[in-house]
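Notes follow once the structure below has been shown.
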Amino acid sequence: MTTGNSAPTMPPGRGRGAWRCRTRRGLATGAAVLVAAVLAAPVPAGAAEHCPGADRARVPGAQYQISACLPDLTTAGTVASGHTDPADYAGLAATGTRNPSGVPGLQIDGYFPDSSTTNTEHGWEHDAQFVLRLPDRWNGGLVVTGAPGNRHQYSLDDTISDWALAAGYAYAATDKGNTGADFWRDGRRPGDAIAEWNRRVTQLTVAAKATLVAHYRQPVRRTLMTGLSNGGYLTRWQLENHPQLYDAGIDWEGTLLRADGPNLLTYLPTALRAYPGYASTADPAAHRAMLRAGFAPGSEFLWPFHYQYYWDLTQRVYRAEFDPGYSPDDPAGTPFCTSGTPHCDADYDYASRPASVHRAMRRVQLTGRIGKPLITLQGTLDSLLPIATDSDEYARLVAAHGRGQLYRYYRIADGNHVDGLYDSFPQRLRPILPCYRAAFSAMTRWLDDHVDTPPPSGTVPRPPSGTDVVNTCSLAG
């Protein structure tokens, strides 16, 4: 990676326990103290016209950071300069997606104290890595996100970072504190790895705000939390648990975790058990089982891909996170095991598992009790997180807690979990990214005047033939 100024910040801490979020009041107070401190600090002489304040940009709490003043912070520039990792965001956007470019500013890469080593970006072999991007022309806002799936901090660079930077926002992303298929090994007890995801987002939000104040010598005017898939889960969780840190959120197909269900472990075993029979003989009973589990009618053409790449791995690693005792000899289980094999994940029954498993899920579950405005988008053909068992349920939770006035939910007709699949099925799918960007713009207008509210919740139909569905979307239908 090409770097500019490089400097370690604070000395190493004591691993994953070195940073703990305490109470909502404590977090807010800590952020206020950091902001007051950096505003009171003297301004060094000789700040450059490009990346002004670069010498003041220190990320509080970071164990190590490196900075680079770049002519373009978007992927149009960072791919060439080595300040992103295209492999990290591969497959998340449709070919033909148009991205903005030409946003000069400062990029800060680094990591917070952590004892796990699954993230090998930059050869650091250190988790809790982050990236901050600070455009020269700043609108006073900050966009915060966490990686989808088990990817790294650059995984939303061409979908969210480019767009946010071009709009004038600073951008902050975290790897969530553990990555890869073995993320579940991080921590001492079931649920620890995912609990760390939430702590790392909170940690980065507080630190990024202080960094922006030091860099720009202005307070942060607006903070948006957002993310895709697991990043959408993080968005929901932050607005439920730390709404004082954010002004709003945009949730793109967030993962729903509920101790009493539904969750990934309540429907993926059905897919692993029923799909082979459906694929080999078109067994009507197997097909009915898939539909009862929540998979949408009309999504059958996506099932082969998801069976091969997503369902088995996702079931095993998330089950290992919450219930490693199910497969005692190998907590991660056996890939593509045949139903009837001892400890096979195709036969996993979450409802009958010990209370300790449900308690582990409850530690990180979502409630729907959001404290700030939130927009959710999910595709009707999502075959990893079926819409019936995910966002439809989350919308009901939000309504049950009387938070509907803060919420908009758009069901994107023919959208699926991974926009890259549009390239294989352009006549049957549509990308969600342009609808996400429309939601981003709608949210900013909502916050700006409190009058221009987004369109009512509902299903966004597929636009007429001839429409550029890769780059345009109207939430109003």
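Note that the structure is a prediction, hence the values are computed from the model and not measured.
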Within the side chain of [X], is there an N or O that forms a donor-acceptor pair under 3.5 Å with the backbone of [Y]?
{"X": "Lys372", "Y": "Leu239", "answer": "no"}
{"X": "Glu321", "Y": "Ala193", "answer": "yes"}
{"X": "Ser299", "Y": "Leu381", "answer": "no"}
{"X": "Gln153", "Y": "Val131", "answer": "no"}
{"X": "Arg258", "Y": "Met361", "answer": "no"}
{"X": "Asp390", "Y": "Leu256", "answer": "yes"}
{"X": "Lys176", "Y": "Gly231", "answer": "no"}
{"X": "Asn471", "Y": "Gly96", "answer": "yes"}
{"X": "Glu240", "Y": "Gly368", "answer": "yes"}
{"X": "Gln238", "Y": "Asn198", "answer": "yes"}

Can you name the nearest heavy-atom pair linking [X] to [Y], along with the distance?
{"X": "Gly177", "Y": "Thr174", "value": "N-OG1, 4.4 Å"}
{"X": "Arg411", "Y": "Asp392", "value": "NE-OD1, 3.1 Å"}
{"X": "Arg462", "Y": "Arg428", "value": "NH1-C, 4.0 Å"}
{"X": "Val220", "Y": "Trp138", "value": "CA-CH2, 4.0 Å"}
{"X": "Ala442", "Y": "Leu475", "value": "CB-CD1, 4.4 Å"}
{"X": "Asp88", "Y": "Arg151", "value": "O-NH1, 2.8 Å"}

How are the rings of [X] and [Y] set to each other: parallel, tilted or perpendicular (split at 30° and 60°)?
{"X": "Phe295", "Y": "Trp303", "result": "perpendicular"}
{"X": "Trp197", "Y": "Tyr233", "result": "perpendicular"}
{"X": "Phe130", "Y": "Phe112", "result": "tilted"}

What's the verdict on side-chain contact (heavy atoms from CB on, under 4.5 Å) for Thr223 and Leu245, showing C-alpha distance, side-chain angles and the deciding distance? CA-CA 7 Å; Thr223 304; Leu245 293 177; over 6 Å; no
[Y] side chain reached by [X] side chain, heavy atoms, under 4.5 Å:
{"X": "Pro454", "Y": "Ile375", "result": "yes"}
{"X": "Pro148", "Y": "Leu156", "result": "yes"}
{"X": "Arg353", "Y": "Phe322", "result": "no"}
{"X": "Asp114", "Y": "His126", "result": "yes"}
{"X": "Pro190", "Y": "Pro324", "result": "yes"}
{"X": "Leu224", "Y": "Leu447", "result": "yes"}

I'd like to know if the side chain of [X] pairs up with that of [Y] as donor and acceptor (distance under 3.5 Å, no hydrogens or angles considered).
{"X": "Ser101", "Y": "Thr74", "value": "no"}
{"X": "Asp423", "Y": "Thr95", "value": "yes"}
{"X": "His152", "Y": "Glu121", "value": "yes"}
{"X": "Ser391", "Y": "Glu253", "value": "no"}
{"X": "Gln315", "Y": "Tyr348", "value": "no"}
{"X": "Thr159", "Y": "Tyr89", "value": "no"}

Indicate yes or no: does [X] engage [Y] in a salt bridge with an N to O separation below 4.0 Å.
{"X": "Asp192", "Y": "Arg363", "answer": "yes"}
{"X": "Arg222", "Y": "Asp448", "answer": "yes"}
{"X": "Arg133", "Y": "Asp157", "answer": "yes"}
{"X": "Asp449", "Y": "Arg445", "answer": "no"}

Sequence neighbours left out, what pairs pass ring pair (Phe, Tyr, Trp, His ring centres under 6.0 Å) with at least one residue falling in residues 391-429? Phe301-Phe425
Kindly state each residue pair satisfying ring pair (Phe, Tyr, Trp, His ring centres under 6.0 Å) with at least one member in residues 356-380, sequence neighbours excluded.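 The answer is Tyr350-His358.
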What verdict does the side-chain contact (heavy atoms from CB on, under 4.5 Å) test give for Asp260 and Gln365, after you've listed the backbone C-alpha separation in whole Å, the side-chain angles of each residue and the deciding distance to 0.1 Å? CA-CA 9 Å; Asp260 296 329; Gln365 76 171 353; 6.0 Å; no
Name the one of Leu264, Thr255, Asn150 that satisfies side-chain contact (heavy atoms from CB on, under 4.5 Å) with Thr314?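 Single pass found, and it is Leu264.
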State which residue, out of Asp127, Asn178, Asp175, fulfils the side-chain contact (heavy atoms from CB on, under 4.5 Å) condition with Phe183.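 Among Asp127, Asn178, Asp175, the one meeting side-chain contact (heavy atoms from CB on, under 4.5 Å) with Phe183 is Asn178.
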Evaluate the side-chain contact (heavy atoms from CB on, under 4.5 Å) criterion for residues Ile160 and Val143: first the C-alpha distance (whole Å), next the side-chain angles of each, then the deciding distance (0.1 Å), finally the verdict. CA-CA 9 Å; Ile160 295 179; Val143 169; 4.2 Å; yes
Ring centroid separation for Tyr169 and Phe440, is it under 6.0 angstrom? yes
Is the centre of the Tyr436 ring less than 6.0 Å from the centre of the Trp163 ring? no
I need the [X] [atom1] to [Y] [atom2] distance, nearest 0.5 Å.
{"X": "Thr376", "Y": "Ile370", "atom1": "OG1", "atom2": "CD1", "value": "7.5 Å"}
{"X": "Ile250", "Y": "Met443", "atom1": "CD1", "atom2": "CE", "value": "5.5 Å"}
{"X": "Leu268", "Y": "Asn263", "atom1": "CG", "atom2": "CG", "value": "9.0 Å"}
{"X": "His122", "Y": "His83", "atom1": "NE2", "atom2": "NE2", "value": "8.5 Å"}
{"X": "Asp382", "Y": "Leu377", "atom1": "CG", "atom2": "CG", "value": "12.0 Å"}
{"X": "Gln308", "Y": "Tyr275", "atom1": "CD", "atom2": "OH", "value": "9.5 Å"}

Salt bridge (charged side-chain N to carboxylate O under 4.0 Å, His left out) evaluation trace for Asp414 with Arg430: CA-CA 6 Å; Asp414 297 340; Arg430 66 178 298 182; over 6 Å; no
Verdict with supporting geometry, Thr226 and Thr145, side chain to side chain donor-acceptor pair (under 3.5 Å): CA-CA 5 Å; Thr226 192; Thr145 191; 5.7 Å; no
Decide yes or no on side chain to side chain donor-acceptor pair (under 3.5 Å) for Thr75 and Asp158, but give the supporting numbers first. CA-CA 6 Å; Thr75 52; Asp158 70 335; 6.0 Å; no
In sequence, state the C-alpha distance, the side-chain angles, and the governing distance for Leu302 and Leu429, and then conclude on side-chain contact (heavy atoms from CB on, under 4.5 Å). CA-CA 10 Å; Leu302 295 170; Leu429 295 176; 4.0 Å; yes
